[in-house]
Visitor: 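For reference, the structure I am asking about is given below.
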Amino acid sequence: MTASWPDRDFQLWWVGSHSTLRLQSNPVPDSDPPVTTRIEIEFGHVRALFIRPVAAGLTVSHATAAEGAELCGRYGLDPDWAGSVYLLRSADWEGFVVSSTPTWREAERKYYEPSLFTPGEEGPPPADLVTGSV
């Protein structure tokens, strides 16, 4: 499966406990047209990554068996990880993350509001929450 946001800018937002990585695209209310949603992509159980901290547009896809094996071989990673490679493509770079299945969430959210992945601290999920996985 593939998830793609070609018109959104993402940045490395958070690296947390339990080997978690989060990429985030924040709202841009002053843009034309205004962007009012936040998109967060979370990768759990991260074993390896090769990314840049900023992406102009982003596509995330599960690598084929051959792509995963080639990247594991090229970077000296455990060959058993080949099935857990996710490709990241931006307008000006390509990278990858070795992790469990990434999930994403999008909803109306102001820049300073808590993460869409914060479990239960802010009450029920937003009514406009859209979710998916790669």
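Here the structure is a predicted model, which is why all the values come from computation and not from measurement.
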Visitor: Any donor and acceptor pair, going by atom type alone, linking the side chain of Asp128 with main-chain N or O of Ala107 inside 3.5 Å?
Guide: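 Checking the backbone N and O of Ala107 against the side chain of Asp128, no donor-acceptor pair under 3.5 Å is found.
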Visitor: To check you understand the geometry: which heavy-atom pair defines the closest contact between Gly57 and Ser90, and what is its length?
Guide: O-OG, 3.1 Å
Visitor: Between OG of Ser31 and CG of Asp9, what distance do you get to the nearest 0.5 Å?
Guide: 10.0 Å
Visitor: Looking only at the side chains, is there a donor atom on one of Thr2 and Arg89 sitting less than 3.5 Å from an acceptor on the other?
Guide: no
Visitor: How close do Ser4 and Thr59 get, heavy atom to heavy atom, and via which atoms?
Guide: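 In terms of heavy atoms, the two residues are closest at OG-OG1, 2.8 Å.
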Visitor: Less than 4.5 Å apart, side chain to side chain, heavy atoms only: is that true for Thr101 and Tyr86?
Guide: yes
Visitor: Work out which heavy atom in Pro34 is nearest to a heavy atom in Pro29; give both atom names and the distance.
Guide: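 Reported closest heavy-atom pair: CB-O, 3.4 Å.
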Visitor: Assess the residue pair Leu23 and Leu12 against the criterion (side chain to side chain contact (heavy atoms under 4.5 Å, CB included)); give the C-alpha distance rounded to whole Å, side-chain angles, the decisive distance to 0.1 Å, and a yes or no.
Guide: CA-CA 5 Å; Leu23 304 177; Leu12 175 64; 4.1 Å; yes
Visitor: Examine distances only and state if a side-chain atom of Ser100 and a backbone atom of Gly44 form a donor-acceptor pair shorter than 3.5 Å.
Guide: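 Flag set: sc Ser100 to bb Gly44 pair under 3.5 Å.
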Visitor: Got Leu116 and Arg109 here, is their nearest side-chain heavy-atom distance under 4.5 Å?
Guide: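 Contact flag for Leu116/Arg109 side chains = yes.
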Visitor: Does Val98 offer a backbone N or O that forms a donor-acceptor pair with the side chain of Ser84 under 3.5 Å?
Guide: no
Visitor: Is the closest side-chain heavy-atom distance between Asp7 and Val35 below 4.5 Å?
Guide: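 They are not in side-chain contact.
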Visitor: Hey, does Ile41 have a side-chain heavy atom less than 4.5 Å from the side chain of Phe10?
Guide: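 Yes. Closest side-chain heavy atoms under 4.5 Å.
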Visitor: Looking at side-chain heavy atoms only, is the closest gap between Ser99 and Arg47 below 4.5 Å?
Guide: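 A side-chain contact under 4.5 Å is absent here.
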Visitor: Would you check if there is a donor-acceptor pair between the side chains of Thr37 and Glu106 at a distance under 3.5 Å?
Guide: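 On atom types as modelled, these side chains qualify, holding a pair under 3.5 Å.
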Visitor: Quick one: do Cys72 and Asp78 satisfy side chain to side chain contact (heavy atoms under 4.5 Å, CB included)? Show the steps, please.
Guide: CA-CA 6 Å; Cys72 286; Asp78 186 330; over 6 Å; no
Visitor: Does a side-chain heavy-atom distance below 4.5 Å link Phe117 with Thr20?
Guide: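 Answer no - side chains too far apart.
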Visitor: Considering all heavy atoms of both residues, which atom of Val60 and which atom of Pro102 are nearest to each other, and what is their separation?
Guide: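 The pair with the smallest heavy-atom distance is CG1-CG, 4.4 Å.
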Visitor: Any side-chain heavy atom of Leu87 within less than 4.5 Å of one from Val97?
Guide: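 Sidechains of Val97 and Leu87: no contact.
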Visitor: Applying the 4.5 Å side-chain criterion to the ILVMFWY set and letting contacts propagate, would Val46 and Leu88 be lumped into a single cluster?
Guide: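 Yes, because Val46 and Leu88 connect within a single hydrophobic cluster, where side-chain heavy atoms sit under 4.5 Å apart.
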Visitor: Could you list the residues that satisfy side-chain contact (heavy atoms from CB on, under 4.5 Å) with Asn26, not counting sequence neighbours?
Guide: Gln11, Trp13, Gln24, Arg38, Tyr111
Visitor: Using only atom types and a distance under 3.5 Å, with no angle test, would you say the side chain of His62 pairs donor to acceptor with the backbone of Gly83?
Guide: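 Checking the backbone N and O of Gly83 against the side chain of His62, a donor-acceptor pair under 3.5 Å is found.
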Visitor: Are Trp5 and Trp93 co-members of a hydrophobic cluster defined by side-chain heavy atoms under 4.5 Å apart?
Guide: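 Trp93 and Trp5: one cluster.
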Visitor: Check for me, please, whether Ile51 and Val134 land in the same ILVMFWY cluster - side-chain distances under 4.5 Å, paths through other members count.
Guide: yes
Visitor: Is there a path of hydrophobic side-chain contacts, each under 4.5 Å between heavy atoms of I, L, V, M, F, W or Y residues, that connects Leu49 with Trp81?
Guide: no
Visitor: Would you please classify the geometry between the Phe50 ring and the Phe96 ring as parallel, tilted or perpendicular, with 30° and 60° separating the classes?
Guide: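 Aromatic pair Phe96/Phe50 classed parallel.
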Visitor: Say whether Thr103 and Glu42, considering side chains only, have a donor N or O and an acceptor N or O under 3.5 Å apart.
Guide: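 Looking only at side-chain atoms, Glu42 and Thr103 do not form any donor-acceptor pair under 3.5 Å.
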Visitor: Set out, in order, the CA-CA distance, both residues' side-chain angles and the distance that settles side chain to side chain contact (heavy atoms under 4.5 Å, CB included) for Leu129 and Arg105, then state yes or no.
Guide: CA-CA 7 Å; Leu129 182 67; Arg105 296 181 180 184; 3.9 Å; yes
Visitor: I'd like to know if Glu94 and Arg52 make a salt bridge, using a cut-off of under 4.0 Å between side-chain N and carboxylate O.
Guide: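 The answer is no: the pair does not qualify as a salt bridge.
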Visitor: Got a sec, which residues hit ring pair (Phe, Tyr, Trp, His ring centres under 6.0 Å) with Phe43, two or more places apart in sequence or on another chain?
Guide: none
Visitor: Would the distance check show the side chain of Thr64 and the main-chain N or O of Glu67 forming a donor-acceptor pair, the cut-off being under 3.5 Å?
Guide: yes
